[in-house]
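Data block below; observations after.
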Number of protein chains: 2
Amino acid sequence: MPKPDHPEVTRARRGDLFDPACPTRLLLDRVGSKWTTMLVLLLSKATGELRFTELKRGMTGVSQKMLAQTLRSLEQDGLLDRRVEATSPPRVYYKLTERGESLAVPLRALREWAEANMADIQEHSRAVADHSGGDHRGEMP
Amino acid sequence: MPKPDHPEVTRARRGDLFDPACPTRLLLDRVGSKWTTMLVLLLSKATGELRFTELKRGMTGVSQKMLAQTLRSLEQDGLLDRRVEATSPPRVYYKLTERGESLAVPLRALREWAEANMADIQEHSRAVADHSGGDHRGEMP
DNA sequence: CGGGATCCATACAGATACTG
DNA sequence: CAGTATCTGTATGGATCCCG
């Protein structure tokens, strides 16, 4: 998730930082947020850099807060480069770093899987829900 | 996420179901939960089926509630097969469906990326945090 | 053993308002 | 334009109890 500061610390306080050595956990904590993945995917498509507003426009539904938060998170992780033009009004350009681009590869594979399978999954899911929902269930009196 | 019923409905009520057609969103809503991914990965490694307790043991830190919830979610999506032996005590075996196995492929790619890059990322992240934290910041008076 | 139901803490995400 | 700050609702995930 695009947590601003130190998620691990928070978790550590809870006493359940079970296996911090597992890198997959760490990655999923970041990829888990849909915006992180969408952002990487969006930037990996772009030829050059993209500005804040362009990104916001490309990611329908994201709030400026979430976008900024995700951007800072990716920047801190070294997956994103931020370039500021100190004009007025200022212009800020974002682009993936090499590492960021490399992350886009498995992410694209995931997206392809999603595009190939999610329709079936939704249908399956709905069918199951209908079955158990409309079969023998008595609604509230 | 392993939402029991209909996450889309909840979002729809909020009025911001921006682009429900995007399957990547849908997938990430499920993969986003770290347990979903871990579960698929764990089961894809297993030769045959695994029982509830074995799964719980393999996923350090998961609560039985989250495990059960994730299992139900995957089952409803048709990614998981559930087989009950009506003995006493009962035994329940889980294994991935074909589609579930196919999901494991891109997920494994993601894990490999994580194992190759997360250490660097963490270091980078920590270095940046240290820099901005101890450099020029005046703490509260 | 394999869960379902319930209660509860919180951290994640949205809306809004303010700055340079 | 490009954010930061605050306030708050709510879904998520954990703990616990209980049942077959």
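Lettering of chains follows the sequences in order, A, B, ..., and the numbering in each one begins at 1. In this text the structure is predicted, and so the values were computed from the model without any measurement.
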Worksheet item: Given B:Arg51 and B:Glu49, is the salt bridge (charged side-chain N to carboxylate O under 4.0 Å, His left out) satisfied, shown in steps?
Response: CA-CA 7 Å; B:Arg51 296 176 52 186; B:Glu49 304 157 310; over 6 Å; no
Fill in: Transitive ILVMFWY side-chain link A:Leu42 to A:Val92, under 4.5 Å
yes
Worksheet item: What string of B, S and - do you get for nucleotides 1-7 of chain D, 5' to 3', if B is base contact, S is sugar-phosphate-only contact and - is no contact with any protein heavy atom under 4.0 Å?
Response: BSSS---
Item to complete: Figure out the NZ/C1' separation between A:Lys56 and C:dA15, and round it to whole Å.
Response: 12 Å
Worksheet entry | Separation of atom CD in B:Gln76 from atom P in C:dG4, rounded to whole Å | 12 Å
Worksheet item: Can you check whether A:Val31's main-chain N or O pairs, donor with acceptor, with A:Thr37's side chain at less than 3.5 Å?
Response: yes
Fill in: Main-chain N/O of A:Gln69 paired with A:Ser73 side-chain donor or acceptor, under 3.5 Å
no
Discussion item. Using whole Å, what does the distance between atom C1' of nucleotide C:dG4 and atom CE of B:Met66 come to?
Written reply: 13 Å
Practice prompt. Starting from P on C:dC12, measure out to CG on A:Leu67 and report it in whole angstrom.
Written response: 18 Å
Fill in: Between C:dG3 (P) and B:Leu74 (CG): distance, integer Å
13 Å
Practice prompt. Kindly say whether B:Arg99 contributes a backbone atom to a donor-acceptor pair with the side chain of B:Ser102 at under 3.5 angstrom?
Written response: yes
Discussion item. Would B:Tyr94 and B:Arg82 count as a side chain to side chain donor-acceptor pair (under 3.5 Å) here? Give the steps.
Written reply: CA-CA 5 Å; B:Tyr94 293 96; B:Arg82 184 171 182 260; 3.3 Å; yes
